[in-house]
J.: 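Can you read through this structure? Questions will come right after.
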There are 2 protein chains.
Amino acid sequence: MIRSARRLFAAHGYAGASIAAISQDLGLTKQALLHHFGSKDRLYALAVEQTAREILQILFDAMEEGRPPEDQVEAFFAALFSHLFDDATSAQLLYRELTDQALKPQERAGSSLETVLESLVATVQATEKWQEAGVQGALAVVVQLLGAATLHFTAQGTLQRMFGRTTYQGACDQFSDVFADLVSRTLRD
Amino acid sequence: MIRSARRLFAAHGYAGASIAAISQDLGLTKQALLHHFGSKDRLYALAVEQTAREILQILFDAMEEGRPPEDQVEAFFAALFSHLFDDATSAQLLYRELTDQALKPQERAGSSLETVLESLVATVQATEKWQEAGVQGALAVVVQLLGAATLHFTAQGTLQRMFGRTTYQGACDQFSDVFADLVSRTLRD
DNA sequence: CGCTGTCCTTACCATTTGGTAGGTTGTGCG
DNA sequence: CGCACAACCTACCAAATGGTAAGGACAGCG
């Protein structure tokens, strides 16, 4: 159920995906959904939180103790990239939450999405190159890298339409290397 | 009128911004809007096209003949960045169109947004570093750079909320330099 | 058997959506 | 003046929105 909700919220946004559409996608009535989740807000919150938690897990896995922070961040972005490669809807959904802020304030507090960003900023701040740039510098770096990693997936449909599916596929393959290079160049000097 | 529509479509997306809300923002009734633009679709199309045309103009200005393509791309991204700095809604609106594909197919054909992407890809493909990577490689680079440039602006609200307005402002200042460096490193070797 | 609770349904509801029809006001122009 | 036309309004409409109420089907359990 949440998987279906994630797909539709990712594709059409909070406002664009009605609970009727989601339930129809599942072959149920919308009241079945409301029965399980109480309200559209709560379903959306669950979808976002679940998605963010997956990313958070990837982050934790990449944060092995003892390794230099540069390696940790690199490992995270590599793992994130391959995760999004398998499931672009994650990128789409989280990006939408970043831009729409459709989550209720109380549901936002202490969410996994916040934790991911804060941990990333802290780790970047621990790198040699950026430790003197303060929180602001690290935040700039993190946002930049995340943006570079995600547009690719969030704009999937448009890019395929504009350039053709085969060209897009080819770009996908190259993207991984180009991106890894970018992360490395940004974190080291 | 279109300015107001751009603001609201950028903030809430096509589905999330009703013509009633836009007209209320203007102090009119929604029928006044419908009178001028015929339908919500057409108003949205105008807002997107106008915004994309601004970006296209920035691109043309950066594409002076005779300069090396690396410089052209760098100049474009620098100008784009300062434009978005003044008007983040442009980034938000165009990003939404990239992800939502809310434009009708007939209105998409030959739009400024397509022209921008295609011209960028062609120019990147003309650079020394990427001329052997084909359309795919150039597309990957363009998407990556655009993503890096825009997340910052599209997620403005969330970032301000999470890290505080002052921290966000500080990151803004640093972002410009970090980004210029990133573009340069990506285009040259 | 009967009781309870979960799952899911049909039947509603008030509100909002995009859009139409028709009328009113004002302005420019012959 | 009289005519046309744009701008804008009120009044409506069918459809879709999120959500409530009430009940049926069915399982587990005493």
Side-chain angles (χ1 to χ4, degrees), chain A residues 1-51 89 92-94 96-97 99-109 111 157, chain B residues 1-51 89 92-94 96-109 111:
Chain A
M1 278 178 161
I2 295 189
R3 185 149 33 101
S4 183
R6 278 172 59 167
R7 252 223 341 273
L8 289 178
F9 279 134
H12 306 112
Y14 175 81
S18 67
I19 48 179
I22 297 172
S23 56
Q24 191 173 358
D25 182 70
L26 286 161
L28 296 174
T29 59
K30 63 175 181 172
Q31 287 72 12
L33 272 192
L34 287 173
H35 169 73
H36 285 289
F37 302 103
S39 74
K40 183 184 182 183
D41 288 349
R42 213 147 349 151
L43 174 58
Y44 178 75
L46 279 174
V48 170
E49 180 60 21
Q50 192 189 78
T51 309
T89 61
Q92 292 162 8
L93 182 58
L94 292 184
R96 285 196 187 274
E97 176 50 29
T99 58
D100 293 5
Q101 303 189 77
L103 237 51
K104 304 277 172 187
Q106 71 249 22
E107 286 154 343
R108 270 200 296 249
S111 74
Chain B
M1 277 180 162
I2 295 187
R3 186 148 32 102
S4 183
R6 279 173 59 168
R7 252 224 341 274
L8 288 178
F9 279 133
H12 305 112
Y14 176 80
S18 67
I19 47 178
I22 298 171
S23 55
Q24 192 173 359
D25 182 70
L26 287 161
L28 298 172
T29 60
K30 63 176 181 172
Q31 286 72 10
L33 272 191
L34 287 173
H35 169 72
H36 286 289
F37 302 102
S39 75
K40 183 185 181 181
D41 288 350
R42 213 150 344 156
L43 174 58
Y44 178 76
L46 279 174
V48 169
E49 180 60 22
Q50 191 189 77
T51 309
T89 63
Q92 293 161 8
L93 182 58
L94 292 183
R96 286 196 185 274
E97 176 50 29
L98 281 179
T99 57
D100 293 4
Q101 302 189 78
L103 237 52
K104 303 278 171 188
Q106 71 248 23
E107 284 155 343
R108 268 200 298 249
S111 73

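Below, chains carry the letters A, B, ... as their sequence lines are ordered, and counting in each starts from 1.
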J.: Measure from CZ on Phe9(B) to P on dT17(C) and round the result to the nearest Å.
T.: 12 Å
J.: dG19(C) P sits how many Å from Leu43(B) CG, rounded?
T.: 10 Å
J.: Can a side chain N or O of Ser18(B) be found less than 4.0 Å away from OP1 or OP2 on dT17(C)?
T.: yes
J.: Can you find a side chain N or O atom of His35(A) that sits less than 4.0 Å from OP1 or OP2 on dC8(C)?
T.: no
J.: Whole angstroms only, please: what is the CD-P distance between Gln24(B) and dC9(D)?
T.: 12 Å
J.: Rounded off to whole Å, could you give me the CG-to-P distance for the Leu33(A) and dT17(D) pair?
T.: 13 Å
J.: Is there a donor on the side chain of Lys30(B) or the base of dG19(C) sitting less than 3.5 Å from an acceptor on the other?
T.: yes
J.: Donor-acceptor pair, Arg96(A) side chain versus Ala10(A) backbone, under 3.5 Å?
T.: yes
J.: Of all the heavy-atom pairs spanning Ala5(B) and Ile22(B), show the shortest one and how long it is.
T.: CA-CG2, 4.0 Å
J.: Search all heavy atoms of Ser23(A) against all heavy atoms of Leu33(A) and return the closest pair with its distance.
T.: N-CD1, 3.8 Å
J.: I want to check one thing: is the phosphate of dT9(C), taken as OP1 and OP2, less than 4.0 Å away from some side-chain N or O of Thr29(A)?
T.: yes
J.: dC8(C) P sits how many Å from Ile19(A) CD1, rounded?
T.: 15 Å
J.: So what does Ala32(A) hit on the nucleic acid, given a heavy-atom distance under 4.0 Å: a base, only sugar-phosphate, or nothing?
T.: base
J.: If you look at every heavy atom in Glu107(B) and Ser111(B), which pair is closest and at what distance?
T.: O-CB, 4.2 Å
J.: Rounded to whole angstrom units, what separation is found between the OH atom of Tyr14(A) and the P atom of dT17(D)?
T.: 13 Å
J.: Can you tell me the distance, in whole Å, between the CG atom of Asp41(B) and the P atom of dT17(C)?
T.: 16 Å
J.: Does Lys40(B) make a cation-pi contact with Tyr14(B) (under 6.0 Å, within 45 degrees of the axis)?
T.: yes
J.: Between dC8(C), dT20(D), dC8(D), which one does the side chain of Leu34(A) approach most closely?
T.: dT20(D)
J.: Could you say whether His36(A) or Gln31(A) is positioned toward the 5' end of DNA chain C, judged by the nucleotide with the nearest heavy atom to each?
T.: His36(A)
J.: Write down the distance between CD1 (Ile22(B)) and P (dG19(C)), rounded to a whole number of angstrom.
T.: 11 Å
